[in-house]
Amino acid sequence: MSGSSAPAIGGARLGGLVVAAGSAALLGGALGFQYLGGLYPCELCMWQRWAHVAALAAGLLALIFRGGLARAGFALAVLALLAGAGIAVFHAGVEQQWWQGLTACGGATATGSAADLLQAVETAPIVRCGDIAWSLFGLSMAAWNALMSAGLAALALAAARRR
């Protein structure tokens, strides 16, 4: 309809919408795998999630504001996506044993008394960053996240160029 009175959205605001929606979907998928599928995240999985949380928040800033604030929010959102893609590539490399993971990748550490430590060990699921819990077409969740995060950044940049 050509008679619509809704303002057109473009530039950094449209890019912010793309990032926010994409990161929200990817976070929802990760949480679904965890809570519905029983696949608990490792340390590097959590880092990837935090990158999407940052991208989502910055994307929302780009969507809400106009002008310089929208452009700054969009830039931060794309940087967060690219950082998440980098973490995911590192994680996929750990899974493929191309390089060694972090010391935190073997399980959670606890502080306090010996009883507290024993309780933490008994109740916490140990998820190693080098173990592939799920794959599709030969790609692990980390590899898929790397591809989707980089693709989402490219899509958001293309959307931001639209006026």
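We number each residue from 1, following the sequence as shown.
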Can you name the residues that form a ring pair (Phe, Tyr, Trp, His ring centres under 6.0 Å) with F65, not counting sequence neighbours? none

Any chain of hydrophobic side-chain contacts (each under 4.5 Å) joining [X] to [Y]?
X: L36; Y: L27; answer: no
X: L26; Y: L147; answer: yes
X: W98; Y: V89; answer: no

Any idea which heavy atoms bring A153 and V78 closest together, and the distance?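 So the minimum-distance heavy-atom pair works out to CB-CG1, 4.3 Å.
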
If you take all heavy atoms of V94 and W99, which pair is closest and at what distance? N-NE1, 3.5 Å

Identify, with sequence neighbours excluded, every residue that meets side-chain contact (heavy atoms from CB on, under 4.5 Å) alongside [X].
X: A92; value: E95, A142, A143
X: L39; value: F33, A133, W134, M141
X: A83; value: none

Connected hydrophobic set around Y35, excluding itself, where side chains approach under 4.5 Å: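 Its cluster mates, by chain and number, are L31.
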
Closer than 3.5 angstrom, by distance alone: can the side chain of W47 be matched with the main-chain N or O of I87 as a donor-acceptor pair? no

Any chance you could measure [X], atom [atom1], to [Y], atom [atom2], to the nearest 0.5 Å?
X: E43; Y: Q48; atom1: CD; atom2: CD; result: 11.0 Å
X: L81; Y: L155; atom1: CG; atom2: CG; result: 10.5 Å
X: H91; Y: C45; atom1: NE2; atom2: SG; result: 4.5 Å

Is there a side-chain contact (heavy atoms from CB on, under 4.5 Å) between L157 and F74? Walk through the geometry before answering. CA-CA 9 Å; L157 287 168; F74 175 69; 3.9 Å; yes

Side-chain donor-acceptor distances from residues 50-63 under 3.5 Å, at least two apart:
from, atom 1, to, atom 2, distance (Å)
H52, ND1, S23, OG, 3.1
H52, NE2, N145, OD1, 3.0
H52, NE2, S149, OG, 3.2

R49 side chain reached by Q34 side chain, heavy atoms, under 4.5 Å: yes

So does Q100 have more than 12 non-hydrogen atoms from other groups sitting under 6.0 Å from CD? no

